[in-house]
Amino acid sequence: MPEVSNYTDESITVLEGLEHVRKRPGMYIGSTDERGLHHLVWEIVDNSIDEALAGYGKEIVVTINEDNSITVEDSGRGVPCGMHPTGKNTMEIIYTKLNAGGKFGGSTYKTSGGLHGVGASVVNALSSHMTVTSFRDGKIHEIHFSDGGKNVSKVECLGETRRTGTTVTFKPDPEVFTTTVYNYETIKTRIRESAFLIKNLKMTLKDKRSNKSESFMYESGISEYVAFLTTGKKPLHNVAYFEGEYNVVDEQTGTSSPIEVEVALQFIDSYSETTVSFVNNVKTGDGGTHETGFRTALTKVFNDYAHKNRLIRDNVQLEGTDIRAGLTSVISVRVGEKLLEFEGQTKGKLGTPAAKTAVESVLSDKLGFFLMENKDLAETLVKKALREAESRAAARKAREQARLDKKEKGERNISDKFAPASEKNKEINELYLVEGDSAGGSAKNGRDRKFQAILPLRGKVLNTEKASADSALKNEEISTMIYTIGADYGINFDLKKCNYKKIIIMTDADDDGAHIQVLLLTFFFRYMRPLVEDGRIYLALPPLFKITKRGKKEEIVYAWTNEEKDRILSECKCETILQRYKGLGEMNPDQLWETTMNPETRSLVRVSIDDLAEAENQVEVLMGNDPTRRRDWLENHVSFTLEEE
Ligand code: 1YM
């Protein structure tokens with residue numbers, strides 16, 4: 001039987017009660033919507049992962065129970081169940097006191113970035129009931145909580161055991177959360193991600209509601225993650241993997257702490273670039289210093305190699321963006337707590353300066369060797385970068401020429417059709433992207449010109465999943481959108497410069513309209529991802545029916561669904577005229593304003609993408625020919641939230 005005794009019951013500091021968590025759940029888990037609901041699972045699973053990282057337990061099982069409660073099991077040492085100096089059992093303390101993490105601050109890297117690691121007690125505070133079972137020192141101990149941890153049972157010894165580990169079951173409190181239904185795909189994506197990041201850790205997800213079950217374990221860790229991300233694409237080589245350690249020395253104390261770096265990458269025959277980065281196994285959606293170090297090293301190593309091997313002239317430099325065309329990479333760094341710094345509103349950006357140096361130095365050496373050992377590939381990649389640079393220059397030229405030609409012929413540019421808002425207020429201005437010129441005309445006349453700008457789009461928008469970056473940028477609609485939004489694109493995109501608070505896609509309520517929506521979402525996802533992440537992209541919801549009631553006074557009402565229409569028609573005592581709107585163009589400016597543009601009366605759908613790595617992998621599904629696959633994908637990965645204004 002394993003011996004367990006390195007946990008001191010005294011080392012827990014009691015800081016605060018759970019009432020504050022109940023009062024302000026957002027402060028602890030971000031939100032009380034679907035995202036917050038899933039956050040509870042991450043909290044508990046992260047404790048199991050920390051235990052596995054400390055070297056105890058190789059398998060974690062997450063079960064979604066029939067009643068949407070969650071059970072997490074690990075095979076670590078088991079949570080301590082001895083007496084605490086306060087006279088309470090340690091199990092009780094861990095799950096009822098905030099920050100009761102005796103182990104946090106220790107030698108291991110805790111899985112903590114931003115919101116994570118606030119503790120098991122937060123989950124208890126937001127659960128209607130919770131049960132913790134500890135298998136430790138040959139015995140089974142259990143404790144129950146209910147009503148957000150207000151009711152606590154005694155710790156009971158249930159008997160003897162040969163195993164060790166911890167099992168936690170909790171049921172999120174419906175009084176706290178706007179939804180309490182768990183999403184299998186969301187949990188699956190996240191635990192698969194953990195399995196990718198921690199080699200040989202087996203993660204299993206079971207769903208008792210549907211009897212589904214899947215396990216994930218990867219011997220080669222992030223190399224397999226990259227292979228997963230490039231599935232179905234045309235790789236130019238096998239995944240390359242680099243790892244190393246970099247020591248950061250504190251000048252004052254003379255102590256040194258290591259930063260561990262792992263990078264896996266693969267070039268594919270394509271144009272788009274995908275980087276997913278992590279710090280201490282937590283995704284850094286907004287990148288940060290580790291990503292900067294990665295890019296710096298890549299640019300430098302490729303230029304050095306190309307110059308040394310006379311693949312480019314001395315006075316030519318390859319640009320980073322040209323080198324990275326078609327590159328898929330996963331960067332994972334582990335940084336000790338003392339060096340951890342995060343930036344940005346969502347704390348999704350690593351700020352630690354030493355992480356740049358660490359990634360740069362590990363990668364500079366190893367990637368340099370890799371290119372020397374794979375000379376044919378290196379030459380292919382340098383040539384690919386050169387072609388990329390050429391076509392970018394050609395695209396720029398063509399764009400300028402097209403503009404000049406049009407000017408000469410006296411033709412109007414699409415940008416001439418753009419109707420800006422009369423006041424320049426980034427905090428409230430809205431950009432409507434409108435399908436078709438005629439609807440564009442109605443929108444221009446119907447809008448509140450103070451803060452609403454209109455950009456009519458003609459025909460189908462370019463499919464940016466299939467087009468190369470330079471043909472996308474040559475496209476008039478696309479280049480006008482980039483210009484109007486004013487925040488650049490790709491890695492240069494800067495949310496702070498964005499001219500609009502909301503960007504609203506307004507299309508007809510038919511198949512063509514739906515296709516245009518998807519094409520625009522693909523564009524924003526590819527070129528202006530932070531807009532999607534920040535929740536600034538919306539879909540307008542025009543009504544499907546206009547019903548004219550011909551009573552004593554004529555009255556016009558609108559219906560957004562068939563049910564609504566039927567209800568209005570059956571409730572109306574007078575004669576009615578029913579008109580099904582075939583397109584936005586059939587609405588006059590006043591009607592369009594009233595139904596679809598007036599913030600007081602309109603409904604908007606906010607678009608957000610739940611998991612970017614998954615979305616990245618699957619974006620082509622959106623553009624594929626199978627509409628059911630597309631709908632499935634949308635339902636699982638893109639949240640459409642109706643906004644009440
Ligand atoms: C299903 C959730 O919480 N496992 C788990 C938690 C802990 C330990 C082992 C543990 C840690 C140590 C010593 C130590 C603990 N978590 C906390 C706190 N699984 C799950 N497995 N012995 C056991 O770090 O020294 C304290 S112990 F407070 F962070 F929650």
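Every number for a ligand or one of its atoms is a count from 1 in the order of the listing.
- Heavy atoms of Glu73 stay at 4.0 angstrom or farther from ligand 1.
- The side chain to side chain contact (heavy atoms under 4.5 Å, CB included) test with Tyr218 is passed by exactly one of Lys202, Met203, Lys199, Arg192: Arg192.
- Using 4.0 Å as the threshold, Gly119 has no heavy atom nearer than that to any atom of ligand 1.
- Near Glu51, meaning under 4.0 Å from any of its heavy atoms, are these atoms of ligand 1: 8 (C), 9 (C), 10 (C), 11 (C), 21 (N).
- Residue contacts with ligand 1 for Asp74 involve side-chain atoms from C-beta outward but no N, CA, C or O (heavy atoms, distance under 4.0 Å).
- Distances below 4.0 Å separate heavy atoms of Pro80 from the following atoms of ligand 1: 23 (C), 27 (S).
- Glu214 pairs by the salt bridge (Lys or Arg N to Asp or Glu O under 4.0 Å) definition with Lys188, not counting sequence neighbours.
- If you number the atoms of ligand 1 from 1 as listed, the ones under 4.0 Å from a heavy atom of Val168 come out as 1 (C), 2 (C).
- Contacts of Val72 with ligand 1, taken as heavy-atom pairs under 4.0 Å, involve both backbone and side chain.
- Shown here is Asn200, whose CG atom has more than 12 heavy atoms of other residues, nucleotides or ligands within 6.0 Å.
- One distance of note links CZ of Phe228 with OG1 of Thr230; it measures 10.0 Å at 0.5 Å rounding.
- Close contacts of ligand 1 with Val79, meaning ligand atoms under 4.0 Å from a residue heavy atom, involve 5 (C), 6 (C), 7 (C), 15 (C).
- Heavy-atom separations between Gly78 and ligand 1 include at least one value shorter than 4.0 Å.
- Listed by number with element, the atoms of ligand 1 under 4.0 angstrom from any heavy atom of Ile44 are 1 (C), 2 (C).
- With a 4.0 Å cut-off on non-hydrogen atoms, Met91 does not touch ligand 1 at all.
- In this structure, His20 has its ring center closer than 6.0 angstrom to the ring center of Tyr28.
- For Lys338, the NZ atom counts as loosely surrounded, since its 6.0 Å shell holds 12 or fewer non-hydrogen atoms of other residues, nucleotides or ligands.
- At under 3.5 Å, a nitrogen or oxygen of Ser48, whether backbone or side chain, sits near a nitrogen or oxygen of ligand 1.
- For His141, there are no side-chain hydrogen bond (donor to acceptor under 3.5 Å, both in side chains) partners, not counting sequence neighbours.
- Ring planes of Phe170 and Tyr182: perpendicular class, angle over 60° (limits at 30 and 60°).
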